[in-house]
Participant: 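Here's a structure for you.
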Number of protein chains: 2
Amino acid sequence: MTRPRGAAARGVFPAVPAVRAATIRDVAKRAGVSVSTVSRVVSGTGYVNADTRRLVEKAIAELGYVPSASARGLVARRTGTLGLCLPDAGPAAHLREPARTGSGVELITDDGTAPGGPAWGSLYFGEVVRGAEFAAWQAGLSVIVAVARPPEAEARARDLAGRVDGLIVVAGTLPDDVVEHVAHRVPVVLVAGPRPAGGYDHVGVDNARGVQVLVEHLVRAHGIRDVRYVAGRAGTPDDIGRFRGFRAAMRALGLPVPAEPALRGDFSRATGRRLARGLLAEHRGGRSPMPGALVCANDETALGFLDVLTAEGFDVPGDVALTGFDGIDGGRTSSPRLTTVEQPMTGLGRLAVDVLRACLADPRLPRQDLLVPVRVLLRESCGTH
Amino acid sequence: MTRPRGAAARGVFPAVPAVRAATIRDVAKRAGVSVSTVSRVVSGTGYVNADTRRLVEKAIAELGYVPSASARGLVARRTGTLGLCLPDAGPAAHLREPARTGSGVELITDDGTAPGGPAWGSLYFGEVVRGAEFAAWQAGLSVIVAVARPPEAEARARDLAGRVDGLIVVAGTLPDDVVEHVAHRVPVVLVAGPRPAGGYDHVGVDNARGVQVLVEHLVRAHGIRDVRYVAGRAGTPDDIGRFRGFRAAMRALGLPVPAEPALRGDFSRATGRRLARGLLAEHRGGRSPMPGALVCANDETALGFLDVLTAEGFDVPGDVALTGFDGIDGGRTSSPRLTTVEQPMTGLGRLAVDVLRACLADPRLPRQDLLVPVRVLLRESCGTH
DNA sequence: TTGTACGCGTTATCAT
DNA sequence: ATGATAACGCGTACAA
């Protein structure tokens with residue numbers, strides 16, 4: 001019975017006024033004890049008489065009392081919450097429409113291009129959330145998930161910083177000056193992207209080691225010697241790291257180390273197709289033999305190559321082995337299935353939280369820059385099986 | 001220079017003490033104004049002299065001041081945050097291991113059964129998060145994502161309730177008494193599952209209409225008359241709603257309305273296969289003709305049927321049309337691709353937030369029970385194209 | 001074992 | 001246009 005009798009007595013009906021939530025004082029009064037006793041019962045600290053405790057617990061249950069995190073956070077100077085700031089990636093156009101309700105059912109002939117598919121799923125940010133939430137849960141912390149959407153991204157980020165004990169920011173989601181501003185208040189961990197200049201913690205994916213292990217596998221296990229790297233968009237940290245791994249592998253294998261990628265795309269499937277057509281034209285013009293393997297900067301690029309190669313009658317991996325990077329679903333269902341390096345997105349989220357916790361526990365610790373190890377998934381496109 | 005000179009003066013080195021974040025008082029002092037003026041500048045309310053404003057803004061930037069959400073929440077009696085409570089579904093075993101870092105790279109021969117795939121993605125909860133975050137963003141609210149994990153789920157839920165203005169709870173994630181308890185403090189919206197008994201808002205998927213429209217399509221567009229329903233686990237709200245839609249369609253079409261589903265599975269692919277084998281045995285025993293269409297309670301079940309039917313040389317949809325429900329990825333990549341009803345998971349998240357906001361704006365509003373409309377995706381397995 | 005009182009950072013009210 | 005001050009709900013010393 002939290003509904004104030006006053007309202008009913010006054011005949012206000014059927015209006016149910018917003019009842020103010022019970023406070024620790026209400027509980028104390030109802031249990032006939034002081035607020036400190038209630039506090040002790042709730043927090044489990046200090047000694048409380050068993051009978052008194054029961055009395056208090058009864059009052060708590062009856063009133064549906066829940067301690068205010070605002071008040072707790074104010075006195076404790078910590079909120080017990082971490083913030084996770086994600087980029088606004090993915091086709092969110094269909095989200096912009098007003099939410100629909102009611103019984104209208106759309107009948108859609110899906111020719112494979114229907115909009116509205118899961119965008120987070122394919123872009124993995126959901127996985128970062130999952131990993132971060134789990135690590136935070138282990139530490140008894142909550143996570144606020146925030147997507148940095150252009151118009152008011154800065155103001156929102158500042159607001160978020162006021163709500164949390166630490167902030168995880170995916171690289172490129174916020175302007176540098178905003179990151180610097182909020183870093184005055186809470187520790188910030190940057191995720192992915194380039195190693196940050198300032199004094200921030202950073203966690204990334206071990207791009208280089210992933211490609212290196214993959215290339216060494218191609219050469220050692222499959223005896224391929226003419227391995228070529230198909231780059232992604234120039235200047236991106238991912239592309240740089242992956243090409244570095246490629247060169248490291250070639251060096252370690254005693255093979256010629258290229259100064260530049262054999263081909264350069266932009267991470268897109270369409271460009272992968274275009275590059276593939278160019279390669280085939282050269283090959284058919286007799287200007288160059290087909291390489292033994294194409295190591296692509298990402299799965300989309302590799303799938304673009306696969307589209308063209310199989311359409312043109314080439315055997316993958318017989319004529320040319322093909323590998324990607326990311327571990328997207330399309331590479332699991334292609335034929336042949338795509339050998340790739342899996343992006344450890346849950347691992348990124350978890351590690352970011354762990355790094356943040358370390359900084360929270362002791363801010364004097366030196367800033368960290370950690371890489372999450374990857375897994376190389378060997379499937380048919382490289383000749384495995 | 002937020003670092004207190006005192007520490008350096010005392011020769012404490014290299015210890016960098018945790019600097020207390022700047023408060024509104026620090027800003028006021030630095031700008032030579034009162035806290036009230038700073039508050040006015042930050043919140044944008046009231047009149048502030050342009051010069052004074054500049055002074056304050058300068059101090060804010062220099063100190064990296066960010067207002068405390070705890071303090072704001074305390075006085076405003078609202079946190080500006082919503083809570084989203086999700087079930088602990090999905091194989092999270094690999095999350096239990098400690099997070100790895102360093103340069104160890106695993107080489108895994110992926111025979112299609114490798115663990116560690118995206119579990120949220122396939123289970124859609126990531127989509128609910130996405131939809132909820134978006135709707136909250138539109139309303140200027142934050143979202144705390146919390147997975148209710150068994151050991152301390154109740155205590156965590158109560159804690160969460162203390163941090164938010166409203167709670168979205170996916171059906172079945174919390175015991176009823178916990179939901180009732182926290183509902184004393186904040187409005188609660190239940191998502192999916194059965195229509196709640198108590199006075200909670202509820203949003204669900206329009207299971208019935210989805211199946212109804214699908215069945216009417218099968219009959220009207222493809223001329224199929226012998227349509228049979230393959231149920232999921234008995235007693236589940238989804239199964240009940242979908243079978244209800246099936247019956248409604250048959251009734252509307254003037255076809256015989258079955259009292260019970262023709263077959264009953266449990267939403268799993270394995271059981272779908274088993275049921276399919278049973279059906280084939282009956283058919284080959286001459287005991288029954290093949291139906292014109294099998295309307296399955298979900299995609300997994302339908303894919304189980306598809307596995308067996310195609311393996312046994314049946315033509316789908318030629319010999320028998322097949323449909324599912326959910327819109328999982330497997331149905332988009334199967335062959336033939338599976339006609340299905342798409343689960344509007346982002347829509348669920350959005351609608352839940354909108355309902356919560358309505359309740360927050362006026363608690364006296366009657367409780368709502370809304371259904372998110374679905375989309376029927378016509379693909380080859382029902383004979384489209 | 002229990003109660004009293006202060007302060008956490010902010011906003012709103014009132015006075016200037 | 002600006003400043004002083006009283007809440008907001010809770011934890012925690014300290015007193016009893």
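Just so it is clear: chains get the letters A, B, ... in the order the sequence lines come, proteins before strands, and each one is counted from 1. In this text the structure is predicted, and so the values were computed from the model without any measurement.
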Participant: Pairs in or reaching into residues 67-79 of chain B: which pass side chain to side chain donor-acceptor pair (under 3.5 Å), with residues at least two apart or in two chains?
Facilitator: B/T79-B/D165
Participant: Tell me, please, which residues at least two apart from A/E152 pass salt bridge (charged side-chain N to carboxylate O under 4.0 Å, His left out).
Facilitator: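 A/E152 satisfies salt bridge (charged side-chain N to carboxylate O under 4.0 Å, His left out) with A/R156 only.
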Participant: List the atom pairs, donor and acceptor, that lie under 3.5 Å between side-chain atoms in residues 53-61 of chain B and the rest of the protein, sequence neighbours left out.
Facilitator:
{"unit_1": "B/R54", "atom_1": "NH2", "unit_2": "B/D51", "atom_2": "OD1", "d": "2.9"}
{"unit_1": "B/K58", "atom_1": "NZ", "unit_2": "B/E62", "atom_2": "OE2", "d": "3.3"}

Participant: Provide a list of protein-nucleic acid N or O atom pairs under 3.5 angstrom, restricted to nucleotides 2-4 of chain C.
Facilitator:
{"unit_1": "C/dT2", "atom_1": "OP1", "unit_2": "A/T52", "atom_2": "OG1", "d": "2.6"}
{"unit_1": "C/dT2", "atom_1": "OP2", "unit_2": "A/N49", "atom_2": "N", "d": "3.1"}
{"unit_1": "C/dG3", "atom_1": "OP2", "unit_2": "A/S34", "atom_2": "N", "d": "2.7"}
{"unit_1": "C/dG3", "atom_1": "OP2", "unit_2": "A/S34", "atom_2": "OG", "d": "2.9"}
{"unit_1": "C/dG3", "atom_1": "OP2", "unit_2": "A/T37", "atom_2": "OG1", "d": "3.0"}
{"unit_1": "C/dG3", "atom_1": "N7", "unit_2": "A/S36", "atom_2": "OG", "d": "2.8"}

Participant: Would you please name every residue forming a side chain to side chain contact (heavy atoms under 4.5 Å, CB included) with B/C359, sequence neighbours left out?
Facilitator: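 If we apply the side chain to side chain contact (heavy atoms under 4.5 Å, CB included) test to B/C359, skipping adjacent residues, the hits are B/P187, B/D201, B/R367.
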Participant: Can you name the residues that form a salt bridge (charged side-chain N to carboxylate O under 4.0 Å, His left out) with A/D176, not counting sequence neighbours?
Facilitator: none
Participant: Take atom CZ of B/R78 and atom C1' of C/dA12, then tell me their distance rounded to the nearest Å.
Facilitator: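 Atom-to-atom, B/R78 to C/dA12, this comes out as 16 Å.
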Participant: Hey, are B/R130 and B/E133 close enough for a salt bridge, meaning a charged N less than 4.0 Å from a carboxylate O?
Facilitator: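 The answer is no: the pair does not qualify as a salt bridge.
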Participant: Heavy atom of residues 160-167 of chain A under 4.0 Å from DNA chain C: which residues?
Facilitator: none
Participant: May I ask you to evaluate whether A/R72 reaches the phosphate of C/dC8, defined as a side-chain N or O under 4.0 Å from OP1 or OP2?
Facilitator: no
Participant: Checking B/H181 now: which residues fulfil side chain to side chain donor-acceptor pair (under 3.5 Å) with it, not counting sequence neighbours?
Facilitator: none
Participant: Mind checking what makes side chain to side chain donor-acceptor pair (under 3.5 Å) contact with A/S34, not counting sequence neighbours?
Facilitator: A/S36, A/T37
Participant: Of the non-hydrogen atoms in A/A136 and A/V143, which two are nearest, and what is the gap between them?
Facilitator: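 Answer, listing the atom of A/A136 first, then A/V143: CB-CG2, 3.4 Å.
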Participant: Considering the terminal five base pairs at each end of the helix from C/dT1-D/dA16 to C/dT16-D/dA1, what angle separates the two local helix axes, rounded to 10°?
Facilitator: 40°
Participant: Which nucleotide span of DNA chain D, 5' end to 3' end, has atoms closer than 4.0 Å to non-hydrogen atoms of chain B?
Facilitator: D/dA1 to D/dG9
Participant: Quick one: which of A/V164, A/I168, A/V203, A/L351 gives a side-chain contact (heavy atoms from CB on, under 4.5 Å) with A/L356?
Facilitator: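 With A/L356 as partner, side-chain contact (heavy atoms from CB on, under 4.5 Å) holds for just one option, A/I168.
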Participant: About how many Å separate CG of A/L174 and SG of A/C85, when rounded to the nearest 0.5 Å?
Facilitator: 4.0 Å
Participant: Provide the closest heavy-atom pair for A/A132 versus A/L84 in the form atom of the first, atom of the second, distance.
Facilitator: CB-CD2, 3.9 Å
Participant: Looking at residues at least two apart in the chain, or sitting in another chain, which of them share a salt bridge (charged side-chain N to carboxylate O under 4.0 Å, His left out) with A/D159?
Facilitator: A/R163
